[in-house]
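One-based numbering, in listed order, for ligands and for the atoms of each. All of these numbers come straight from a predicted model, not from anything done at the bench.
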Amino acid sequence: MTITAPHTDTHSATSTPLVDALEQLRDAAAALDIDEGSVQLLSQARREISVGVPLRRDDGTVEVFRGYRVQHNFTRGPAKGGVRFAPSVDLDEVRALAMWMTWKCALVDLPYGGAKGGVAIDPRRYSDAEIERVTRRYTSEILPVIGPDRDIPAPDVGTDERTMAWMMDTFSVSSGFTVQSVVTGKPVALGGSLGRATSTSRGVALVALAALERRGIAPRNASAAVQGFGKVGRHAARFLAEAGVRVVAVSDQYGAVLAPDGLDVEALAAHVDATGSVVGFAAADALDADELLRLEVTLLVPAAVEGVIHEGNVGGVRARIIVEGANGPVTTAADAHLAARDVLVVPDILANAGGVIVSYFEWVQAKQTYRWSLDTVESRLRERMLGAWDAVSTEQTTAGGTLREAAMRIAVARVLDAHRNRGLYP
Ligand code: GLU
């Protein structure tokens with residue numbers, strides 16, 4: 001295990017998640033008139049850990065992956081955030097994602113800071129047994145910095161409730177007793193919360209409908225395109241369709257499908273369960289995945305990964321509202337372009353906060369050793385999401401800027417307020 005000194009390069013000209021995240025922070029700091037020392041405090045991760053993760057493959061050979069856990073901030077409470085298994089994972093990406101978790105948790109007023117972890121591995125190329133061994137070894141390497149009151153991991157791209165079960169088990173075995181509150185997004189059988197699996201999508205749909213209302217568009221007159229059909233996109237498409245929105249196109253990493261009169265999202269989900277992809281769905285036409293971003297739709301929901309709407313393709317985006325199901329799907333340059341064209345962008349730290357909100361409920365339930373009903377979870381999720389939407393909308397109307405700038409001002413001010421109240425040690 002190595003604990004590296006936090007390092008932040010703020011001078012790169014190319015748009016990367018970290019460059020964008022730092023620029024968003026600088027903008028908020030300028031609007032809030034925050035001093036340079038505080039900006040530096042918030043620009044850098046509080047703690048970063050980089051670990052080697054050796055795997056004994058099923059054939060007996062050994063491969064070593066790089067893993068990370070970055071705790072951007074834990075001034076408002078334990079660090080919180082997902083673990084990503086993807087080939088693109090590197091320290092800077094994890095730093096950006098950890099910083100966004102700090103703002104997200106503050107915006108929806110959870111008693112958490114922000115963290116993120118990841119392993120640079122393509123999980124599709126390894127067997128279940130190999131992924132289990134990678135998960136357990138990664139967990140044991142980051143064991144000193146996680147825990148129910150230190151840092152609570154959760155699923156993200158390439159990980160799921162099974163990954164969380166292995167993480168919980170590894171942590172529990174090393175503690176000598178069962179510790180349910182060390183991770184969230186667990187299977188319900190292990191203390192996972194009812195409603196957690198669909199919570200991010202519920203939140204996305206709730207704010208998408210609020211954004212439609214703000215633009216005076218009835219759901220039945222709206223169309224939507226959803227990029228990604230994983231944990232977020234799949235249920236977001238379903239909830240939007242249930243609300244009366246015509247979901248005309250959906251994509252995944254293999255391709256996209258289009259049905260101008262509206263997709264049967266349930267039938268599409270069954271097709272994906274059977275084949276592993278949206279491609280080949282009989283009741284729709286094939287569509288180039290990049291084309292999906294250029295469709296003339298009311299709502300565009302990028303629910304895959306960061307940086308998909310950028311300077312190079314934003315000119316072709318014809319949606320009226322973009323709801324960021326993923327973290328960081330719209331780059332800073334694209335954001336400015338969309339704002340100039342009055343495209344309403346509901347930012348990630350608001351739009352996809354439903355996941356971490358129900359993670360918080362799961363952690364509270366584990367700490368209380370008491371289960372909430374699905375109704376309780378969903379009504380409290382709704383209350384928090386719509387409360388945050390109202391706060392961000394009001395901030396934007398009264399103080400100006402984009403919804404992202406308004407959300408950032410609220411979040412950064414809350415984190416800084418916590419710092420000021422705690423004071424600087426020593
Ligand atoms: N990975 C999710 C996110 O980016 C959930 C994090 C959590 O529940 O801690 O918000």
Side-chain angles (χ1 to χ4, degrees), residues 17 21 68-74 76-86 89 93-119 142 146-161 163-164 167-168 180-187 191-193 195-204 207 228 230-236 302-306 323-329 346-366 377 380-381 384-385 388 407 411:
Y68 308 95
R69 186 74 185 169
V70 173
Q71 296 166 350
H72 171 255
N73 195 285
F74 37 85
R76 288 169 44 89
K80 184 83 190 82
V83 172
R84 177 172 291 202
F85 286 179
V89 164
E93 185 193 51
V94 179
R95 284 170 169 154
L97 292 162
M99 187 184 292
W100 284 329
M101 284 309 301
T102 300
W103 314 138
K104 193 185 302 186
C105 292
L107 180 64
V108 292
D109 206 12
L110 305 179
Y112 289 141
K116 204 77 165 199
V119 179
I142 65 166
I146 62 170
D149 299 310
R150 291 172 192 268
D151 179 0
I152 306 120
D156 196 79
V157 175
T159 58
D160 56 19
E161 57 176 40
T163 326
M164 293 306 114
M167 290 190 78
M168 183 200 123
Q180 287 193 337
S181 51
V182 65
V183 291
T184 59
K186 301 179 291 294
S193 179
R196 175 62 182 87
T198 52
S199 55
T200 312
S201 319
R202 276 254 177 249
V204 166
V207 294
K231 288 189 288 287
V232 183
R234 177 184 181 127
H235 301 290
V305 289
E306 61 267 17
V323 181
E324 294 188 321
N327 291 313
V346 185
D348 45 10
I349 61 170
L350 171 61
N352 69 35
V356 74
I357 290 172
V358 178
S359 273
Y360 166 59
F361 296 162
E362 180 175 328
W363 178 79
V364 169
Q365 290 171 79
V377 170
R380 289 181 182 178
L381 168 63
R384 284 213 182 233
M385 283 303 296

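Set against the non-hydrogen atoms of V356, the atoms of ligand 1 under 4.0 Å away are 7 (C), 8 (O), 9 (O). Which parts of ligand 1 touch K116 is read off a 4.0 Å heavy-atom cut-off, strictly below it: atoms 1 (N), 3 (C), 4 (O). Applying the 4.0 Å criterion to heavy atoms of G81 picks out, from ligand 1, the atoms 9 (O). Proximity to M101 (heavy-atom distance under 4.0 Å) selects the following atoms of ligand 1: 3 (C), 4 (O), 6 (C), 10 (O).
Closest heavy-atom approach to atom 2 (C) of ligand 1 within the set G355, A79, P155: this belongs to P155.
Ion pairing of E306 with R84 is present here, as a side-chain N (NZ or NE/NH1/NH2) and a carboxylate O approach within less than 4.0 Å.
Neither the backbone nor the side chain of T200 has a heavy atom within less than 4.0 Å of ligand 1. Contacts with ligand 1 closer than 4.0 Å are made by no heavy atom of M164, backbone or side chain.
At least one heavy atom of R196 sits less than 4.0 Å from an atom of ligand 1. Using a 4.0 angstrom heavy-atom cutoff, G185 does not count as in contact with ligand 1. R84 does not count as a contact of ligand 1, since none of its heavy atoms falls under 4.0 Å from the ligand. Using a 4.0 angstrom heavy-atom cutoff, P153 does not count as in contact with ligand 1.
In terms of protein heavy-atom proximity, atom 8 (O) of ligand 1 is nearest to S359 OG, 2.6 Å. Of all protein heavy atoms, the one lying nearest to atom 3 (C) of ligand 1 is K104 NZ, 3.3 Å. Looking only at protein heavy atoms, the nearest one to atom 7 (C) of ligand 1 is A154 CB, 3.3 Å. For atom 9 (O) of ligand 1, the nearest protein heavy atom (residue, atom name, distance) is K80 NZ, 2.8 Å.
No side-chain heavy atom of V204 sits less than 4.5 Å from a side-chain heavy atom of H235. In this structure, the side chains of M101 and V356 come closer than 4.5 Å at one or more pairs of heavy atoms.
Applying the salt bridge (Lys or Arg N to Asp or Glu O under 4.0 Å) test between E362 and each of R380, K186, K80 identifies K186 as the sole match. Applying the side-chain contact (heavy atoms from CB on, under 4.5 Å) test between F85 and each of D156, T163, V157 identifies T163 as the sole match.
When every heavy atom of I152 is checked against every heavy atom of P78, the shortest pair comes out as CD1-CB, 3.7 Å. Heavy atoms only, all atoms of each residue included: A154 and T159 are closest at O-OG1, 4.5 Å. T184 and S359 make their closest contact through OG1-OG, 2.7 Å (heavy atoms, listed as atom of the first residue, atom of the second, distance).
Side-chain contact check for S199 and R202: no donor-acceptor pair (N or O, by modelled atom type) lies under 3.5 Å. A donor atom on one side chain and an acceptor atom on the other are found under 3.5 Å apart for T102 and H72.
Between N352 and ligand 1, not a single N/O pair is under 3.5 Å apart.
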